[in-house]
Amino acid sequence: PVHHGMGVADAAKVLEQIGPRVVLTEPDDVAGLVGLGRPVPLAQSAARPADIAVALFTSGSTGAPKAVLHTQRALAYKAGLMRNVHGLTPEDAVLMPAPLAHVSGLLNGVLLPGVAGMRTVLMERWDPEEALDIIAAERITFMIGPPTFFVTLMGAANFAAERVRSLRLISSGGAGVTPAFVDQAREAFGAVVKRTYGSTEAPTVTTSYAGDPSQKARDTDGRPTGEVELRIGDGGELWLRGPELFVGYADPGQTHAAHARGGWFKTGDLGTIDGDGWLTVTGRIKDVVIRGGENISVAEVEGALEAHPAVRQAVVVGYPDDVLGERVAAFVVADGTIDLDAVRTWFAERGVTKFKTPERVVQLDAMPTLAAGKPDRTVLRELARRG
């Protein structure tokens, strides 16, 4: 009942009558709703480029969620840019398990498909076995998300290469995207696997492009997309600015604390930028275990663990200790059995400094995750604290 050309007021009345649920059963329904190939004239929209389009909440993986404000202009710019960066066309189809209220779900499940004219297949909640069925049935070509999605896909009981052969591009960001993960995913899916870096405040600001050196794409988090600028600020913190950057938090105090002079956004992430402009994120400022006065980057320890041929995913957290302040605990998803002795031997063989070696190792069937698929470090810290 909602069709192209209908005024906003009329559409609102229809939606009020039928309730908040809209069911689309035929391709023509979708075409009629969004007007594919027939852009809505600007006069029909009261929105202006500088208007606030949406308030998105951060995941809260390292603290209380913040309300992030984005403009119409910034989101439209980002969607058009990423269509070109990824080389997406109407022939592509994306599987989107992340909530649409999350920046990845909104950008990659709604805006980017709208710009590229491609199909989106949504999942109510992540289930690797169901995802395998969807990929095969819907000929999914593109997936984006944290490593958790792909690790659980590869570990699914019914995983087989022929069931995912339609996939041509995987983009993975967030903590835990290591060179070992890229190698494993490339081999399992037979697809291009990109590392990306971004956040709710600044979505997908680095990744690799077609034709970029594969080693760079494997070992770094990519190079800047579009007009974004990167720099390393105080204490090794990554600062950035660009047209996709959010305009602020709903809390003005949080906005002030996160910005430096010149419009630079202080990301809270630690990183390095090489001479060619490629970014490598080394961890969060808050994701540091302080053991006996020594700062230990959890990202570094996770990378060492995931380099082990049997480990499919690793998450490292600190737990309190009366003598040293904190100690290091590692949670792993692995093939076979990985215990503390095996980890100690592996770290010694690789020459990792002894104080960075985990003192607790817990093997899990799957990592506890937040709604967007990121590991739930709060739950893991509590498990480690309780021993």
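- Relative to the ring axis of Y319, R381 does not place its NZ or CZ within 45° and under 6.0 Å from the centre.
- Each of T200, N108, T204 was scored for a side-chain contact (heavy atoms from CB on, under 4.5 Å) with V103, with one residue passing: T200.
- For the pair P368/F331, no side-chain contact is recorded, criterion being any heavy-atom separation below 4.5 Å from C-beta on.
- With contacts defined as side-chain heavy-atom distances shorter than 4.5 Å, the pair T282/E300 does not qualify.
- Annotation: side chain of K78 is not in contact with side chain of H70 (no heavy-atom distance under 4.5 Å).
- Side-chain atoms of D339 and Q363 include no donor-acceptor pair closer than 3.5 Å.
- Figure legend: R223 and Y209 shown as a cation-pi pair, the cationic atom lying under 6.0 angstrom from the six-membered ring centre and within 45 degrees of its axis.
- Using modelled atom types and a 3.5 Å distance limit, the side chains of Y77 and E227 yield no donor-acceptor pair.
- Note that OG of S199 is 7.0 Å distant from CG of L240, once rounded to the nearest 0.5 Å.
- Within a 6.0 Å sphere centred on CZ of R231, other residues, nucleotides and ligands contribute more than 12 heavy atoms.
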Practice item. Please step through ring-ring contact (aromatic ring centres under 6.0 Å, His included) for the pair F159 and F189, ending with a clear verdict. Key: CA-CA 10 Å; F159 178 85; F189 295 104; 5.7 Å; yes

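- If you check the side chains of Q313 and T148, you find a donor sitting under 3.5 Å from an acceptor.
- Side-chain contact annotation: H86 with K194, donor-acceptor N/O pair under 3.5 Å present.
- For E229, the CD atom sits in a packed shell: over 12 heavy atoms of surrounding residues, nucleotides or ligands are nearer than 6.0 Å.
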**Study point:** Intermediate values then yes/no, ring-ring contact (aromatic ring centres under 6.0 Å, His included), W126 and F149
**Key:** CA-CA 8 Å; W126 177 247; F149 290 156; 4.7 Å; yes

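- No side-chain donor-acceptor contact under 3.5 Å links D221 and T280.
- Residues F142 and M118 form a side-chain contact, since some pair of their non-hydrogen atoms from C-beta on lies under 4.5 Å apart.
- Side-chain atoms of K356 and S297 include no donor-acceptor pair closer than 3.5 Å.
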Practice item. Check the pair T369 / D376 against side-chain hydrogen bond (donor to acceptor under 3.5 Å, both in side chains), numbers first and verdict last. Key: CA-CA 5 Å; T369 60; D376 192 332; over 6 Å; no

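- With salt bridges taken as basic N to acidic carboxylate O contacts below 4.0 Å, none links D365 and R312.
- Within the 4.5 Å cutoff, no side-chain heavy atoms of T220 are placed close to those of L279.
- Heavy atoms of other residues, nucleotides or ligands lying less than 6.0 angstrom from CZ of R350 number more than 12.
- Aromatic ring centres of F246 and H259: separated by under 6.0 Å.
- The closest side-chain heavy-atom distance from V192 to I170 is not below 4.5 Å.
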